[in-house]
Amino acid sequence: MILLDSICAVALFSIGLYGVLVRRNLVKVVMSLSLMEASTYLLLVAFASRRDATAPIVATTAAGGIASARFADPFLQNICLTAIIIGVAITAVFLSIAVRAAQHLGTADTGALRQLHG
Amino acid sequence: MGHPALLAAAVVAPITGGVLATLLGRRSGRAALIVAVASLAVAFAALVTEAPAVLGRGVLVTEHFGGFAPVDGHQLAITWTADGFGLVVALTVAAIGAVLVGYALSELSDLGPHELGWLAALSLFLCAGVIGAALTADLLNMFVWFEVSALASYGLTAFWLERPVALEAAFKIAVLTAIAGFLVFVGMGLLYQQHGAVNFGELHRAMAGAATRVDVAAVALLLAGFATKAGLVAFHTWLPDAHSAAPGPVSAMFSGLLILLGVVGVVRTVFVVADPHALPMLGVLTALGIVSGVVGALAALGQDDLKRLLGFDTIAEVGLITIGLATGRAAGIAAAAMLLVNHALFKSLLFLDASAIVHATGEERLSKLRGIGRSQPVLAAIFVLGAAALVGVPPLNGYASFGVLHADLREHAPVLLGAAVLIEVLITAALTRATCLVLFVGERRATRQHGPKVGMVAAMAVLGLLCVVAGVAASAVARYVGQPSAAGLLHAGDAAAAMLGGSTRLELVAVHADLLDPFELMLTAGILAIGIGLGVRLVRARQPAPVRAVRALHTGSVHDDVAAMIVGVILVAVALAPGH
């Protein structure tokens with residue numbers, strides 16, 4: 001599963017990167033970046049998983065012991081949550097820049113954003 | 001010695017101030033900026049209490065937040081360690097940040113309270129991000145500070161929301177920094193997956209000796225991610241755009257302070273996380289430094305926009321800093337640390353002066369600014385002072401840091417000395433050309449102009465004075481900035497132990513700044529003579545082919561910028577990989 005998830009993550013990252021490299025619409029560039037971002041979460045969550053692992057919640061048995069010693073690594077899931085929060089903020093900034101730029105330039109084409117060069 | 005927990009005050013103060021500033025911005029922009037200056041002053045005061053121990057005696061001060069000490073050598077709780085390098089960066093950010101916000105208070109005081117409130121808040125978040133990154137000993141924590149300062153930098157770049165170029169620059173910095181963030185994030189994930197650690201000290205122990213393929217990939221990703229923030233070439237394209245589009249004090253903050261986050265990240269990756277002798281890290285770093293120096297300086301030579309020129313020069317300076325770090329020797333690292341502080345001083349001064357020139361004339365293009373110095377003698381004098389400090393005119397501060405770097409390279413790597421001298425000649429030429437164009441060549445202009453305000457001149461006077469003092473007192477700078485910075489990076493094993501254990505004292509290696517060394521004086525005279533000659537010639541001459549070629553590479557397309565960055569990542573990974 002880790003391998004399959006990792007391959008999926010790399011594939012998603014590559015699709016996102018392809019979008020950033022070739023899509024000329026600002027919103028599609030932002031969407032591609034979001035896809036790249038999601039692929040990084042998938043990769044880290046894949047790293048966190050173990051064979052036959054449960055969710056990282058400590059459940060106690062009737063005798064007071066821990067129900068299952070095999071659970072996914074909570075640390076990696078935790079940092080994914082941190083990164084998701086940051087990612088939402090960044091996407092909001094991205095979209096507001098894109099909307100503003102489209103309003104000012106009358107187009108959402110990245111070709112219009114080439115005044116700063118050389 | 002201050003209590004280790006005081007380190008936290010260095011970020012708590014600016015973040016609290018930032019939240020306050022957004023609230024105050026509803027009523028009074030001036031109050032928001034004053035709060036910003038005050039909270040950076042508090043951060044500086046908190047950091048200064050650690051300075052005698054860290055910078056004076058080479059102690060590493062460690063704080064495990066929440067009282068979660070490591071268990072059996074494992075540490076997942078956030079740990080901060082103030083080593084010489086980190087503390088120098090943090091102090092620089094707090095001090096210069098306060099001056100820059102003070103300048104903004106004066107120049108931009110005509111703006112509405114809402115704008116000023118957010119300017120103050122975002123500046124504080126940016127400074128907090130860099131200070132946090134400089135002091136943390138935890139990769140995850142560093143990623144968070146990376147993103148804190150990144151978010152602030154997007155907002156600050158887009159500060160002039162009504163200008164399309166500001167939006168363009170903001171979009172580019174956001175795309176490139178976001179991808180850099182992914183690289184750091186994945187690099188951290190790979191390292192954790194391999195070693196189960198994010199604490200630098202723990203990673204250092206786990207990575208000692210032979211590195212696996214995954215380790216190499218992770219280190220390459222971290223290096224590329226932080227190099228983006230530092231503005232090293234192939235990852236640098238956001239930098240000149242953001243610098244030319246943002247307000248002047250913000251450009252100064254980007255050039256002097258924001259790039260330090262990247263430099264700190266590179267330093268931690270190369271010296272603490274990875275074993276610089278197990279992987280060809282120092283070679284890769286040297287190559288990045290030389291390419292950045294040459295490309296940045298050549299591009300600066302052909303610019304017409306004053307702030308963009310200074311932005312490209314920043315890339316060249318980071319290149320020189322990187323060459324110094326990549327020596328892996330006490331004197332080279334000390335020179336890099338000195339240059340880092342000195343660059344923050346004189347580049348901030350130059351950006352503020354450029355901003356004051358724009359403020360006075362409404363023009364940013366050198367071709368339109370011709371001869372402005374005759375009607376603005378104060379601004380002209382400040383520009384000449386800043387440029388002289390930058391190119392290394394003795395006894396200003398640039399000279400001392402170049403001198404320490406030259407002395408080390410002359411002894412150990414004469415080829416690299418040649419590369420550094422070439423970069424310095426090109427930088428000198430670029431600044432000479434700008435100085436000639438702005439100040440002296442052309443007719444006296446009769447357009448409507450107004451002089452700088454008192455607060456603006458005061459902020460520039462502080463920075464200018466510091467440039468002179470840091471130059472004259474170079475041996476003290478070498479002792480209290482250079483030596484402790486080098487100690488923490490050279491004794492990475494001891495530093496790693498301190499990050500897991502507690503405060504440790506390191507042995508300082510003596511580094512001397514000899515201002516009167518005859519060889520150094522002759523070398524400087526040669527660099528200045530050739531550079532100034534070239535610069536004066538290029539005032540009227542057609543741009544040489546290398547300059548045009550480098551400028552043609554900067555197409556301005558965000559797609560090309562990302563492509564350059566990806567090529568950079570692949571090259572770094574391939575260069576690190578031999579034997580794997």
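Every heavy atom of this structure was used, including side-chain atoms; hydrogens, water molecules and symmetry mates were not. The sequence lines fix the lettering, A, B, ..., with proteins before strands; numbering per chain opens at 1.
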>> Heavy-atom cut-off 4.5 Å, strictly under: side chain, backbone, both or neither for Ala174(B) against chain A?
In response: both
>> Between Ala299(B) and chain A, with a heavy-atom cut-off of 4.5 Å, which part of the residue counts as in contact: side chain, backbone, both or neither?
In response: neither
>> Report which part of Ala150(B) has an atom under 4.5 Å of a heavy atom belonging to chain A: side chain, backbone, both, or neither.
In response: neither
> Most heavy-atom pairs under 4.5 angstrom with chain B, which of Leu44(A), Val22(A), Val30(A)?
Replying inline: Leu44(A)
> Which atom pair, heavy atoms only, marks the closest approach of Ile179(B) to Leu33(A)?
Replying inline: CG1-CD2, 3.7 Å
>> Under 4.5 Å from any heavy atom of chain B, what part of Leu21(A) do you find: side chain, backbone, both or neither?
In response: both
> Measuring heavy-atom distances to chain B, does Leu26(A) have an atom under 4.5 Å in its side chain, in its backbone, in both, or in neither?
Replying inline: both
> Partners of Phe185(B) by ring-ring contact (aromatic ring centres under 6.0 Å, His included), sequence neighbours excluded?
Replying inline: Phe143(B)
>> I'd like to check the ring-ring contact (aromatic ring centres under 6.0 Å, His included) partners of Phe68(B); sequence neighbours left out, ordered by chain and number.
In response: none
> Do you know which of Gly155(B), Ala563(B), Gly556(B) has the most heavy-atom pairs under 4.5 Å to chain A?
Replying inline: Gly556(B)
>> Looking at chain A, which one of Leu161(B), Val562(B), Ile566(B) has the largest number of heavy-atom pairs inside 4.5 Å, strictly under?
In response: Leu161(B)
Go through chain A and chain B and list any donor-acceptor pairs closer than 3.5 Å, backbone and side chains both.
residue	atom	partner	partner atom	Å
Val20(A)	O	His559(B)	ND1	2.8
Leu21(A)	O	His559(B)	ND1	3.3
Arg23(A)	O	His559(B)	NE2	3.4
Asp73(A)	OD1	Tyr192(B)	OH	3.4
Asp73(A)	OD2	Tyr192(B)	OH	2.7
His104(A)	NE2	Leu161(B)	O	3.4
Thr110(A)	OG1	His559(B)	NE2	2.8
Arg114(A)	NE	Thr555(B)	O	3.4
Arg114(A)	NH2	Thr555(B)	O	3.2
Gln115(A)	N	Glu168(B)	OE1	3.0
Gln115(A)	N	Glu168(B)	OE2	3.2
Leu116(A)	N	Glu168(B)	OE2	3.1
Leu116(A)	O	Lys172(B)	NZ	3.2
Gly118(A)	N	His554(B)	O	2.7
Gly118(A)	O	Gln303(B)	NE2	3.2
Gly118(A)	O	Arg308(B)	NE	3.2
Gly118(A)	O	Arg308(B)	NH2	3.1

> Does any heavy atom of chain B fall under 4.5 Å from the side chain of Ile79(A), the backbone, both, or neither of them?
Replying inline: both
>> Is Val20(A) in contact with chain B via its backbone, its side chain, both, or neither, using a 4.5 Å heavy-atom distance?
In response: both
>> Is Ile90(A) close to chain B through its backbone or its side chain, or both, or neither, when contacts mean heavy atoms under 4.5 Å?
In response: both
> Which bit of Leu553(B) is near chain A, if near means a heavy-atom gap under 4.5 Å: side chain, backbone, both or neither?
Replying inline: neither
> Is chain A contacted by the side chain of Val148(B), its backbone, both, or neither, given a heavy-atom distance below 4.5 Å?
Replying inline: neither
>> Tell me every residue that passes ring-ring contact (aromatic ring centres under 6.0 Å, His included) with Phe171(B), counting only those two or more places apart in sequence or in another chain.
In response: Phe94(A)
> So do Val558(B) and Leu113(A) actually touch side chain to side chain, heavy atoms under 4.5 Å?
Replying inline: no
